[in-house]
Student: 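One structure coming up, written as structure tokens, with questions to follow.
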Amino acid sequence: RKEVEQDPGPFNVPEGATVAFNCTYSNSASQSFFWYRQDCRKEPKLLMSVYSSGNEDGRFTAQLNRASQYISLLIRDSKLSDSATYLCVVNIRNAGNMLTFGGGTRLMVKP
Amino acid sequence: EAQVTQNPRYLITVTGKKLTVTCSQNMNHEYMSWYRQDPGLGLRQIYYSMNVEVTDKGDVPEGYKVSRKEKRNFPLILESPSPNQTSLYFCASSSLAGRANTGELFFGEGSRLTVL
């Protein structure tokens with residue numbers, strides 16, 4: 001079983017739709033969580049951190065469910081420019097040195 | 001401008017011919033890391049470094065070497081490349097809060113390597 005798992009998609013949604021992705025992690029000792037965005041053939045970039053109480057940044061909302069060991073990303077009012085691959089990232093090592101990436105979920109927003 | 005610079009961006013080479021991919025960052029970050037990205041496998045960590053002269057293996061270190069003689073540079077060395085090392089490679093850096101990685105990795109633009 002992979003340490004960090006995501007549905008690869010693609011998720012095809014119309015502009016304006018609300019879409020949500022989940023990411024599950026296997027190590028209950030995981031301490032910190034992040035969502036990264038990667039455009040086609042480009043480097044990943046940090047989208048947002050995920051806090052225990054949940055957090056929002058504009059149209060993006062991140063949630064953490066420690067009991068079920070998953071994090072989620074909700075995108076409201078999808079834009080064409082949201083089309084990308086979204087990577088779930090978990091800090092699993094207790095020493096805090098390594099970040100483990102999920103395989104990514106591809107989102108395609110259509111006009 | 002804060003950045004992570006990798007070179008070369010594209011390289012086609014042959015089996016067994018030693019090569020080095022350079023990585024340099026100008027943000028005075030303590031932490032640097034190399035990843036490879038392959039379809040269906042996501043980003044996998046090769047090696048990382050917490051500071052000068054401190055390097056550690058990641059999940060897939062076989063066939064690679066690194067060095068950290070200066071804080072800004074973290075080259076990736078393939079002593080004898082093989083076709084299974086054909087991949088997209090990313091270098092990344094981050095500041096550290098104490099010993100913990102802050103989670104905000106700054107990536108280079110990637111180096112696409114093909115080994116024939």
Side-chain angles (χ1 to χ4, degrees), chain A residues 1-10 21-27 29-52 55 57 62 64 71 73 84-106, chain B residues 2-7 9-10 21 23 25 27 29-51 54-61 68 87-112:
Chain A
R1 182 184 172 189
K2 291 182 183 176
E3 291 187 83
V4 181
E5 291 203 70
Q6 296 181 251
D7 181 341
F21 314 131
N22 279 349
C23 163
T24 59
Y25 58 94
S26 59
N27 191 323
S30 300
Q31 295 183 329
S32 48
F33 310 87
F34 311 90
W35 283 103
Y36 275 69
R37 171 191 169 130
Q38 185 174 24
D39 293 300
C40 189
R41 301 182 188 279
K42 299 280 192 180
E43 71 274 21
K45 293 184 180 178
L46 179 66
L47 178 66
M48 58 196 302
S49 302
V50 186
Y51 301 122
S52 297
N55 49 299
D57 183 1
L64 167 63
I71 67 172
L73 178 67
T85 297
Y86 291 85
L87 304 170
C88 168
V89 183
V90 178
N91 185 333
I92 291 178
R93 304 306 196 265
N94 289 336
N97 302 333
M98 290 178 62
L99 299 171
T100 300
F101 285 75
T105 297
R106 190 169 171 211
Chain B
Q3 58 186 8
V4 178
T5 304
Q6 295 178 227
N7 278 297
R9 295 286 316 282
Y10 302 92
V21 186
C23 174
Q25 51 94 5
M27 294 168 279
H29 285 161
E30 300 90 349
Y31 181 92
M32 296 186 75
S33 182
W34 276 103
Y35 295 86
R36 61 178 288 174
Q37 188 171 36
D38 302 289
L41 296 175
L43 275 160
R44 294 180 293 167
Q45 191 171 44
I46 303 171
Y47 270 95
Y48 67 96
S49 169
M50 296 282 281
N51 215 325
V54 180
T55 62
D56 282 294
K57 294 177 180 179
D59 295 315
V60 288
R68 188 93 182 270
S87 188
L88 177 59
Y89 291 86
F90 287 104
C91 179
S93 72
S94 172
S95 60
L96 292 175
R99 281 185 57 79
N101 194 310
T102 61
E104 182 166 15
L105 285 168
F106 292 83
F107 284 84
E109 292 182 296
S111 297
R112 187 167 291 280

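When reading the values below, keep in mind they use all heavy atoms of this one structure, side chains included, and skip hydrogens, waters and symmetry mates. Every value quoted in this text rests on a predicted model; they were computed, and no experiment measured them. Residue numbering restarts at 1 for every chain, and letters A, B, ... go by the order of the sequence lines.
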Student: Measuring heavy-atom distances to chain A, does B:Arg112 have an atom under 4.5 Å in its side chain, in its backbone, in both, or in neither?
Tutor: side chain
Student: Checking the side chain of B:Gln6 only, and the main-chain atoms of B:Gly110 only, is there a donor and an acceptor separated by less than 3.5 Å?
Tutor: yes
Student: Can you say whether the rings of B:Tyr35 and B:Phe107 are parallel (under 30°), tilted (30 to 60°) or perpendicular (over 60°)?
Tutor: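 Ring orientation, 0 to 90° scale: tilted.
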Student: So what's closer than 4.5 Å to chain B heavy atoms on A:Gln6: side chain, backbone, both or neither?
Tutor: neither
Student: For A:Pro44, is it the side chain, the backbone, both or neither that has a heavy atom under 4.5 Å from a heavy atom of chain B?
Tutor: both
Student: Begin with the C-alpha distance, continue with both residues' side-chain angles, and end with the deciding distance and a verdict on side chain to side chain contact (heavy atoms under 4.5 Å, CB included) for A:Lys45 and A:Arg37.
Tutor: CA-CA 5 Å; A:Lys45 293 184 180 178; A:Arg37 171 191 169 130; 5.5 Å; no
Student: Any idea how A:Phe21 and A:Trp35 line up, ring-wise: parallel (<30°), tilted (30 to 60°), or perpendicular (>60°)?
Tutor: tilted
Student: Examine whether an atom of B:Phe106 lies under 4.5 Å from a heavy atom of chain A, and if so say whether it belongs to the side chain, the backbone or both; otherwise answer neither.
Tutor: neither
